[in-house]
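Report on the structure given below.
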There are 2 protein chains.
Amino acid sequence: MTDRTSPLESFHEFLRSRDLKSTSQRDMIVEQIFSKPHHHFSAEELLETLREKDPSMSRATVYRTLLLLQDGNMLEELDIGKGHKYFEPMLGVSHHDHLICLGCEQIIEFESPEIESIQDQIIKKNQFEAVYHTHRIFGYCQLCQKKSK
Amino acid sequence: MTDRTSPLESFHEFLRSRDLKSTSQRDMIVEQIFSKPHHHFSAEELLETLREKDPSMSRATVYRTLLLLQDGNMLEELDIGKGHKYFEPMLGVSHHDHLICLGCEQIIEFESPEIESIQDQIIKKNQFEAVYHTHRIFGYCQLCQKKSK
DNA sequence: GTACGTGCAAAGACTTTGCAGAGAC
DNA sequence: GTCTCTGCAAAGTCTTTGCACGTAC
């Protein structure tokens with residue numbers, strides 16, 4: 001929809017809509033997240049990267065900004081079962097699910113309209129009102145399968 | 001397969017196969033878990049219940065026994081996105097996935113051979129070796145939908 | 001008698017929060 | 001100038017671990 005606007009612009013728009021302020025810290029965080037092609041990261045990894053550029057970057061600010069981005073639908077949580085959350089940027093990306101390698105933590109994405117449609121039937125049958133879903137398949141990627149041989 | 005053996009017997013069998021010992025604490029934990037019909041619980045909830053019967057029950061023992069039960073495939077982890085793990089007993093229960101109510105945390109189970117078979121195709125196409133998967137749909141159950149009106 | 005198990009408390013990992021000073025608008 | 005934000009450190013939550021004592025086999 002808004003292919004023309006940059007992530008930072010979208011973010012500023014979101015802040016304005018909530019009467020929140022733009023700050024250099026928030027901008028730095030958003031720029032860092034959206035500077036890479038679609039990827040996955042943890043809060044602590046992000047903090048570490050940001051501190052290389054600005055050692056005074058606060059852990060609290062990073063966590064608070066991640067919450068903001070989730071509120072603004074620019075970011076989604078992704079639980080890979082490792083005791084901490086992963087995040088994935090969701091700007092200009094359509095819904096998808098994940099194959100997660102238990103060996104190297106590589107994440108492969110997949111989309112399946114067939115599954116989604118069966119899922120819709122299940123939801124209807126249970127008179128449930130769905131908000132979101134996650135479908136994760138854990139196992140070993142091709143490379144890790146070879147390694148273990 | 002082993003419908004005739006009780007959960008406690010299965011557990012003892014598992015312990016023997018690993019050269020581990022039966023103890024009254026372990027038995028108490030296993031009995032508590034399998035005393036209810038299929039249900040879901042957190043480690044802390046379980047600990048609290050157990051301490052009502054035996055105030056000296058150790059948190060560490062509970063966590064360690066939960067790990068054992070997972071190793072023995074008698075228990076599965078279920079992440080409902082609340083910062084802590086849920087567990088569900090898996091003895092005599094076939095694989096299923098979950099609808100999770102964001103309002104009351106009620107968990108509805110579903111099974112779909114159609115989804116599983118599409119999933120298998122996806123796994124094959126990505127040359128992945130699947131170990132397990134979780135498919136969770138978050139939203140609102142019928143009751144919570146009514147409440148919010 | 002010898003592992004292994006238990007209970008305790010401390011440590012760990014990740015995340016959230018209270019507060020005083022700083023900065024956006 | 002006001003209201004929000006930041007950084008720090010402390011607190012919180014869930015889970016794991018080290019260690020001395022206890023117990024199953």
Side-chain angles (χ1 to χ4, degrees), chain A residues 8 11-32 40-72 75-87 105, chain B residues 8 11-32 40-72 75-87 105:
Chain A
L8 196 56
F11 180 60
H12 286 169
E13 208 171 293
F14 168 73
L15 290 177
R16 256 178 270 122
S17 75
R18 294 276 192 104
D19 280 314
L20 299 173
K21 292 170 183 174
S22 299
T23 67
S24 63
Q25 290 89 339
R26 285 177 176 170
D27 285 1
M28 193 181 304
I29 294 167
V30 172
E31 284 184 328
Q32 179 60 42
H40 306 91
F41 60 93
S42 70
E44 292 294 319
E45 277 166 21
L46 176 61
L47 175 64
E48 202 179 327
T49 311
L50 288 163
R51 281 197 170 157
E52 285 169 16
K53 297 181 184 170
D54 176 1
S56 73
M57 178 64 72
S58 163
R59 170 168 277 115
T61 300
V62 171
Y63 277 94
R64 286 188 278 232
T65 304
L66 287 172
L67 285 180
L68 278 179
L69 286 166
Q70 286 181 79
D71 272 2
L75 203 61
E76 276 189 12
E77 255 182 60
L78 170 61
D79 192 323
I80 66 159
K82 287 273 174 184
H84 59 77
K85 295 173 188 167
Y86 260 48
F87 297 92
E105 293 191 30
Chain B
L8 196 56
F11 181 59
H12 285 170
E13 209 171 292
F14 168 73
L15 290 178
R16 256 179 271 124
S17 75
R18 294 275 191 105
D19 279 314
L20 298 173
K21 293 170 180 170
S22 299
T23 67
S24 65
Q25 290 90 340
R26 284 176 177 170
D27 285 1
M28 193 182 302
I29 294 167
V30 172
E31 284 184 327
Q32 178 61 43
H40 306 89
F41 60 91
S42 69
E44 293 294 320
E45 278 165 20
L46 175 61
L47 175 64
E48 203 179 323
T49 311
L50 288 163
R51 282 198 169 156
E52 285 168 15
K53 298 181 184 171
D54 176 0
S56 72
M57 178 64 72
S58 164
R59 172 169 277 116
T61 300
V62 171
Y63 276 94
R64 286 188 278 231
T65 304
L66 288 172
L67 286 179
L68 277 180
L69 287 166
Q70 286 181 77
D71 272 3
L75 203 62
E76 276 190 12
E77 253 182 61
L78 170 62
D79 191 325
I80 67 159
K82 288 273 173 182
H84 59 78
K85 295 174 189 167
Y86 261 47
F87 297 92
E105 294 191 27

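We use all heavy atoms of the structure for the numbers below, so side chains are in, but hydrogens, waters and symmetry mates are not. Chain letters run A, B, ... following the sequence lines, proteins first and then strands; every chain starts at 1.
- Rounded to whole angstrom, the span from the CG atom of L78(B) across to the P atom of dC14(D) amounts to 16 Å.
- To the nearest angstrom, C1' of dC8(D) lies 10 Å from CZ of R51(A).
- Applying the 4.0 Å criterion to OP1 and OP2 of dC25(C), one finds that S22(A) has a side-chain N or O inside that range.
- Put simply, CE on M28(B) and CG on D54(B) are 4.5 Å apart, with the number rounded to the nearest 0.5 Å.
- Protein atom CD of Q70(B) is 9 Å distant from nucleotide atom P of dT16(D), rounded to whole Å.
- If you measure from atom CE of M28(B) to atom P of dT23(D), you get 14 Å, rounded to the nearest angstrom.
- Just one residue in the list R59(A), K85(A), R51(A) forms a salt bridge (Lys or Arg N to Asp or Glu O under 4.0 Å) with E44(A), and that residue is R59(A).
- Put simply, the side chain of K85(A) and the base of dC14(C) share no donor and acceptor less than 3.5 Å apart.
- Spacing between atom CD of E44(A) and atom C1' of dG12(C) amounts to 12 Å, rounded to whole angstrom units.
- The separation between E48(A) atom CD and dA13(C) atom P is 13 Å, rounded to whole Å.
- Taking side-chain N and O atoms only, R26(A) has a distance below 4.0 Å to OP1 or OP2 of dT6(D).
- Phosphate proximity of dC14(C) to S42(A): absent, as no side-chain N or O sits under 4.0 Å from OP1 or OP2.
- Per the geometry, CD belonging to E45(A) stands 13 Å off C1' belonging to dC14(C), to the nearest Å.
- For the OP1/OP2 pair of dC5(D) and a distance below 4.0 Å, the side-chain nitrogens and oxygens of Q25(A) include no atom meeting the criterion.
- For dG7(C), the OP1/OP2 oxygens have a side-chain nitrogen or oxygen of T61(B) closer than 4.0 Å.
- Checking S58(B) against K21(B), the closest nucleotide of DNA chain C that is more toward the 5' end is the one next to K21(B).
- Mapping Y63(A) and A60(B) onto DNA chain C by nearest heavy atom places A60(B) closer to the 5' end of the strand.
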Verdict with reasoning, T23(B) to T61(B), per side-chain contact (heavy atoms from CB on, under 4.5 Å)
CA-CA 11 Å; T23(B) 67; T61(B) 300; over 6 Å; no
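- Open room surrounds CD on E48(A); 12 or fewer heavy atoms of other groups in view lie less than 6.0 Å from it.
- Taking CD from Q32(B) and CG from D27(B), the interatomic distance works out to 13.0 Å, rounded to the nearest 0.5 Å.
- Distance from the side chain of R64(B) is smallest to dT17(D) among dG18(C), dG5(C), dT17(D).
- Rounded to whole Å, the distance from CG on L15(A) to P on dA24(C) is 13 Å.
- Closest-nucleotide positions on DNA chain D for S24(B) and M57(A) were compared, and the one nearer the 5' end corresponds to M57(A).
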